[in-house]
Number of protein chains: 2
Amino acid sequence: MTKAIKKFRKYIDEKNLQITRQRMDIAEVFLQSGRHLSVDELYELLKEREISAGRATVFRTLKLLNESGVAGEVDLGEKTRRYEVKFGNTHHDHLVCTGCGRYIEVYSGQIEEMQEKLCAEHGFKPSSHRLDIFGLCRSCGIEKKKKGYR
Amino acid sequence: MTKAIKKFRKYIDEKNLQITRQRMDIAEVFLQSGRHLSVDELYELLKEREISAGRATVFRTLKLLNESGVAGEVDLGEKTRRYEVKFGNTHHDHLVCTGCGRYIEVYSGQIEEMQEKLCAEHGFKPSSHRLDIFGLCRSCGIEKKKKGYR
DNA sequence: ATGAAATTGAAATTCATATTCAAATGACTA
DNA sequence: TAGTCATTTGAATATGAATTTCAATTTCAT
Ligand SMILES: [Mn+2]
Ligand SMILES: [Mn+2]
Ligand SMILES: [Zn+2]
Ligand SMILES: [Zn+2]
């Protein structure tokens, strides 16, 4: 059993909830995917693997995973919410490719520092932030050139 | 007539749409407010001023204002979309106070530069970005101290 | 095993946003 | 100016993601 699953079980236990087959199945498929998944994508992924779980339960379990700190909510400006694995992953920002939809995870200690400084200048106490850069990833950029687009 | 209104009229004209009382009223109240407004907030603001406009028309006009470049969409992780005045305002990021809901507009040329660098390192061609920092503004931070919170 | 409590999931609800369509308004022509 | 056609308006309806409801099922403690 992975550490992430252990942490999830611990959280469930502390909240006096029950460790059920659905919750564990959903958590495992989510963790294995390693992707930035919407509720519906995870629901379909479970169906593919012939794991039965209702949409409502997938919603609720992702919420639990989020509360437990195992998963994190990601809002990339789409209409639907996504979740990513947070446990074992350090903080990062996203390069979002508008060509192929990939999310590239990036980090810059310098940017983080400058954000702190910027906040200090305004007497602002930061607790979290979100930096998303939208554009074209390397392969999509090349693709466009090939096709002669601008 | 302000330059922003002029630009909006020009856009409407170019699209072979009509300059109507509703469109102008909505645009003017929006521009005067200078705030980060949701559709509903603007709709209520119009009602207060006894300007009649249906919700659908407010939606549609904000969309037009956005397309014209006079307004910009702002997604601050709430369930509802907001619009801000874009015309005459340069690019900026947001410090979002989770205490009082204020949006402080900030800018750091250094952060922008580092973002460019970060993208370049990944062969990524950026076209836009979004940086929001959530936390407590100066007055909300002081408030919390007074009350003895952590 | 028994009963109380928690969980599940199909269906209903909510809420923001988008669309529909009949009536109103505006533009244009004769 | 009156007539005609096109656009706009806004109340009502539709949509779609997220949440809630509640009866049936499952789990846990005894
Ligand atoms: Mn990520
Ligand atoms: Mn702003
Ligand atoms: Zn790509
Ligand atoms: Zn504040």
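The structure displayed is predicted, hence computed values, not measured ones. Lettering follows sequence order; numbering is per chain, from 1.
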*Asks:* Whether A/Glu67 and A/Lys63 form a salt bridge (side-chain N of Lys/Arg under 4.0 Å from carboxylate O of Asp/Glu) is what I want to check.
*Replies:*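 A/Glu67 and A/Lys63: not salt-bridged.
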*Asks:* Under 4.0 Å between a side-chain nitrogen and a carboxylate oxygen: does that hold for B/Lys117 and B/Glu113?
*Replies:*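 Result for this pair is no, no salt bridge flagged.
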*Asks:* Kindly determine whether B/Leu95 and A/His122 satisfy side-chain contact (heavy atoms from CB on, under 4.5 Å), including the steps that lead there.
*Replies:* CA-CA 9 Å; B/Leu95 308 184; A/His122 288 83; 3.8 Å; yes
*Asks:* Atom OH of B/Tyr83 to atom C1' of C/dA16: distance rounded to whole Å?
*Replies:*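 About 11 Å, once rounded to whole Å.
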*Asks:* From CG of B/Leu62 over to P of C/dA16, roughly how many Å is that when rounded to an integer?
*Replies:*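 So the two atoms are 15 Å apart, to the nearest Å.
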*Asks:* To the nearest Å, give me how far apart CG (B/Asp40) and P (D/dG10) are.
*Replies:*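 Interatomic distance, CG of B/Asp40 to P of D/dG10: 15 Å.
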*Asks:* Identify the two heavy atoms, one from A/Lys86 and one from A/Gly69, that lie closest to each other, and give their separation to 0.1 Å.
*Replies:*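 Looks like CB-O, 3.5 Å.
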*Asks:* Evaluate the criterion side-chain contact (heavy atoms from CB on, under 4.5 Å) for residue pair A/Leu42 and A/Thr61; output intermediate values, then yes/no.
*Replies:* CA-CA 11 Å; A/Leu42 181 50; A/Thr61 304; over 6 Å; no
*Asks:* Would you mind reading off the distance between B/Arg81 atom CZ and C/dC15 atom C1', rounded to a whole angstrom?
*Replies:*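 Those two atoms, CZ and C1', are 14 Å apart.
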*Asks:* How many whole angstroms separate atom CD of A/Glu67 from atom P of D/dT19?
*Replies:*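 Taking CD of A/Glu67 and P of D/dT19, I get 11 Å after rounding.
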*Asks:* Between protein and nucleotides 3-11 of chain C, map the contacts as a letter string: B base, S sugar-phosphate only, - none, heavy atoms under 4.0 Å, written 5' to 3'.
*Replies:* ---SSBBB-
*Asks:* What is the distance from CE of B/Met24 to P of D/dT8, rounded to the nearest Å?
*Replies:*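 Taking atom P of D/dT8 as the reference, CE of B/Met24 is at 11 Å.
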*Asks:* Do A/Arg82 side-chain atoms and A/His36 backbone N/O form a donor-acceptor pair below 3.5 Å?
*Replies:*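 Judged by distance alone, yes, a pair lies under 3.5 Å.
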*Asks:* What's the NZ-P distance between A/Lys63 and D/dA18, to the nearest Å?
*Replies:*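 Atom-to-atom, A/Lys63 to D/dA18, this comes out as 11 Å.
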*Asks:* Atom CG of B/Leu37 to atom P of C/dT17: distance rounded to whole Å?
*Replies:*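 Whole-Å distance recorded here is 13 Å.
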